[in-house]
Amino acid sequence: QVQLVESGGGLVQPGGSLRLSCAASGNGFSINGMGWFRQPPGKQRELVAIISSDGTPNYADSVKGRFTISRDNTRNTVYLQMNSLNSDDTAVYYCYARLRRYLSTQWSTYWGQGTQVTVSS
């Protein structure tokens, strides 16, 4: 069974930083894209950042210049370094990965359980 496990969320003051991690566990799969979505209270889930298998990142306009996404393919892990956090960044952050099982031709989307990020003074 493939699982995505997030860590690094918590409470931070405005202007502070957090680093989120998401590791894909299991055997017999390969990963294409990975990334992060978030869902603020009372709002829809939105894309934060994605990163391709070769390391090419894309960011939502709201986080450009503040967040940095990276990945370690040897560990099947994606990271999100979040700097200059403000109250609008408060949300549950969900890790996602596009992956397929070996010997399969179909790619599927997997989601983590989410980690809470709260930015408050």
> Does any pair with a residue in residues 94-110 pass salt bridge (Lys or Arg N to Asp or Glu O under 4.0 Å), and if so which ones, sequence neighbours excluded?
Replying inline: none
>> Quick one: does any side-chain atom of Q81 pair with a main-chain N or O of T68 as donor and acceptor, under 3.5 Å?
In response: no
>> Do S121 and Q13 have side chains that approach each other closer than 4.5 Å (heavy atoms only, starting at C-beta)?
In response: no
>> For N32 versus R71, what's the shortest heavy-atom pair and its separation?
In response: O-NH1, 2.7 Å
> Do you know which two heavy atoms are closest between V117 and G9, and how far apart they sit?
Replying inline: CG2-CA, 4.2 Å
>> Between Y59 (side chain only) and I69 (backbone N and O only), is there a donor and an acceptor less than 3.5 Å apart?
In response: yes
> What pair of heavy atoms forms the shortest contact from A24 to I31, and how long is it?
Replying inline: CB-CD1, 3.8 Å
>> Checking side-chain polar atoms at under 3.5 Å, does Q116 have a donor or acceptor matched by the opposite partner on T118?
In response: yes
>> Strictly distance-based, threshold 3.5 Å: is any side-chain N or O of Q3 a donor or acceptor partner for the main-chain N or O of G26?
In response: no
> Does a side-chain heavy-atom distance below 4.5 Å link Y102 with N27?
Replying inline: no
> What residue pairs, at least two apart or across chains, pass salt bridge (Lys or Arg N to Asp or Glu O under 4.0 Å) with a residue in residues 19-42?
Replying inline: R38-E46, R38-D89
> Minimum heavy-atom separation for S70 to I51, with atom names?
Replying inline: CA-CD1, 3.8 Å
>> Quick check: do S30 and W107 have side-chain heavy atoms less than 4.5 Å from each other?
In response: yes
>> Has N86 got a side-chain atom pairing as donor or acceptor with V119's backbone, closer than 3.5 angstrom?
In response: no
> Of all heavy-atom pairs between L85 and M82, which one has the smallest distance, and what is that distance?
Replying inline: CD2-CB, 3.8 Å
> Can you check whether S120 reaches T90 side chain to side chain, under 4.5 Å on heavy atoms?
Replying inline: no
>> W111 and ring-ring contact (aromatic ring centres under 6.0 Å, His included): which single residue from Y93, W36, F37 fits?
In response: F37
> Which pair of non-hydrogen atoms, one from L4 and one from A97, has the smallest distance, and what is that distance?
Replying inline: CD1-N, 3.7 Å
>> With a 6.0 Å cut-off (strictly less than), is the heavy-atom count around CG of D54, excluding the residue itself, greater than 12?
In response: yes
